[in-house]
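Order of the sequence lines sets the chain letters (A, B, ...), proteins ahead of strands, with each chain counted from 1.
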Protein chains: 2
Amino acid sequence: MNLPPLVQSFVLHFGEMGSRWGINRTVGQIYALLYVSPDPLNAEQIVDALGISRSNVSMSLRELQAWNLVLLKHLPDDRRDFFTTPDDVWQILRTLAEERKKREVDPTLSVLREILMQQPASDAERHAQARMGEMHNLIEQLTNWYDDVKKLETDRLATLLTLGAKVTRLLEAKDKIVSLGRSKRTTEKG
Amino acid sequence: MNLPPLVQSFVLHFGEMGSRWGINRTVGQIYALLYVSPDPLNAEQIVDALGISRSNVSMSLRELQAWNLVLLKHLPDDRRDFFTTPDDVWQILRTLAEERKKREVDPTLSVLREILMQQPASDAERHAQARMGEMHNLIEQLTNWYDDVKKLETDRLATLLTLGAKVTRLLEAKDKIVSLGRSKRTTEKG
DNA sequence: TCGTAATTTCAGTAATTACTGAAATGACAG
DNA sequence: CTGTCATTTCAGTAATTACTGAAATTACGA
């Protein structure tokens with residue numbers, strides 16, 4: 001590996017993190033490298049930087065493209081492919097969320113739905129279905145929220161994050177006032 | 001594998017999903033099995049249900065315990081260990097989030113901080129640091145939000161989800177009114 | 001203190017996943 | 001077309017990860 005020390009730490013860390021996800025070490029490293037590079041890199045440059053085979057780079061880039069995490073660029077008068085990552089980190093986050101949803105959440109939801117359609121043949125199956133129902137509802141609620149939020153542009157999303165739980169605190173206060181009013185009225189009636 | 005068909009589909013799906021995370025197939029299957037079982041199971045029952053070795057069950061349960069995803073129970077007059085998952089799916093989600101943060105986010109943040117402390121030795125390193133800074137800020141913002149939200153009890157959290165992006169729509173409206181008021185006043189002055 | 005049942009450990013092996021080099025394919029200028 | 005450079009494919013191999021059975025450890029009742 002042939003990189004400035006500061007970049008190397010980052011690349012190595014991402015490699016390790018990669019294997020902690022489903023993604024493998026090399027894919028993580030290439031992504032990290034592209035992320036911090038000032039300009040798009042071609043396959044040969046990646047080979048040199050990371051000390052891995054040309055074919056490994058090819059396969060890993062294909063994987064990153066499948067994840068929509070990488071952009072293919074062409075320079076004038078150069079037939080080689082160059083790769084970068086999007087500049088906006090929020091956009092990267094969105095892409096990541098979208099892809100993980102597609103690969104992990106959606107299939108799970110559809111398996112759950114299919115199972116929930118079936119007729120239970122025993123108490124054990126009945127109980128299992130009830131539990132799967134709970135999981136199904138949770139996931140559905142989360143994805144509804146996600147679908148709602150994902151449309152927001154970066155600055156709105158940032159605002160929403162900054163608010164965080166403050167929103168519910170506000171609602172709590174409102175609830176108190178409402179229920180106070182209600183109990184007062186009830187008292188007046190009774 | 002020796003399970004009601006409906007449970008088996010679920011268990012198999014979780015096994016596959018497990019490998020798509022960092023978690024392995026068996027761990028995923030055991031978790032799924034415990035999740036849908038009406039009562040706590042002991043190791044032998046898991047062996048019988050999934051058709052895997054006793055030692056594999058032991059190791060996988062240890063992994064699930066390390067993730068805090070599984071509860072150890074003891075029945076009176078029985079020295080065997082029995083295992084379940086928590087009943088509340090929201091609590092499960094919280095645990096999952098907490099553990100993933102601990103294993104994936106926190107180490108990344110600390111690597112980023114460490115690198116950002118160092119003196120760049122070139123333009124390339126300077127640029128890399130800037131990019132890492134962006135990533136650092138994004139993650140920090142997300143974890144601040146998370147720390148804020150994770151304290152909420154289940155029903156409050158559900159409320160927050162239900163609101164979703166409606167909150168920002170509200171804020172947009174407020175922004176418009178404020179800026180309208182401001183431009184009106186400006187016009188009056190000019 | 002023994003004996004028994006439950007659990008864990010771990011070395012060896014099986015299974016899976018990652019990676020390489022060589023060959024094939026594609027893309028394009030002349 | 002032909003030659004050259006770039007990329008992809010893929011069979012073989014390396015590396016890693018998962019799993020097992022046997023032995024060791026633990027826990028506890030008699």
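- One interatomic measurement links the two molecules: CG of A:Asn56 to C1' of D:dA14, which rounds to 12 Å at whole-angstrom precision.
- For the pair A:Asp77 CG and C:dC28 P, the interatomic distance rounds to 13 Å; values are reported in whole Å.
- Nearest-nucleotide positions on DNA chain D place A:Met59 closer to the 5' end than the other of A:Ser19 and A:Met59.
- Across the protein-nucleic acid pair, A:His74 atom NE2 and D:dA6 atom P stand 12 Å apart, rounded to whole Å.
- Distance CG (A:Leu41) to P (D:dA6): 15 Å, rounded to an integer number of Å.
- Taking 4.0 angstrom as the limit, A:Arg54 places a side-chain polar atom (N or O) nearer than this to OP1 or OP2 of D:dT7.
- When side chains are defined from C-beta on, B:Trp67 does not count as touching B:Arg62, because their heavy atoms never get closer than 4.5 Å.
- Here B:Asn24 does not reach the OP1 or OP2 of C:dA15: none of its side-chain N or O atoms lies under 4.0 Å away.
- In terms of polar N and O atoms assigned as donor or acceptor, the side chain of A:Arg79 comes within less than 3.5 Å of the base of C:dA27 in a complementary pairing.
- Salt bridge annotation for B:Arg113-B:Glu140: present, with a cationic side-chain nitrogen under 4.0 angstrom from a carboxylate oxygen.
- Under 4.0 Å is where a charged nitrogen must lie from a carboxylate oxygen, and between B:Glu98 and B:Lys150 at least one such pair does.
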Practice task
Begin with the C-alpha distance, continue with both residues' side-chain angles, and end with the deciding distance and a verdict on side chain to side chain donor-acceptor pair (under 3.5 Å) for B:Ser37 and A:Arg131.
Solution key: CA-CA 9 Å; B:Ser37 290; A:Arg131 289 293 274 163; over 6 Å; no
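- A:Asp81 comes within contact range of the sugar-phosphate backbone alone, with a heavy-atom separation under 4.0 Å but no base atom that close.
- Rounded to a whole Å, the CZ atom of B:Arg62 is 16 Å from the C1' atom of D:dA18.
- Whole-Å rounding puts the A:Trp21 CH2 to D:dT17 P distance at 18 Å.
- For D:dC19, the OP1/OP2 oxygens have a side-chain nitrogen or oxygen of B:Arg25 closer than 4.0 Å.
- The residues B:Arg103 and B:Glu99 are annotated as salt-bridged, a charged nitrogen and a carboxylate oxygen being separated by less than 4.0 angstrom.
- Phosphate contact (OP1/OP2 of C:dC19, side-chain N/O of A:Thr26, threshold under 4.0 Å): present.
- Between B:Ser58 and C:dT8 there is a side-chain N or O to OP1 or OP2 distance below 4.0 Å.
- A donor and an acceptor atom never sit less than 3.5 Å apart when one is taken from the side chain of A:Ser53 and the other from the base of C:dG21.
- Rounding to whole angstrom units, CG of residue A:Asp48 and C1' of D:dA6 are separated by 15 Å.
- With rounding to whole Å, A:Gln65 atom CD is found 12 Å from D:dT8 atom C1'.
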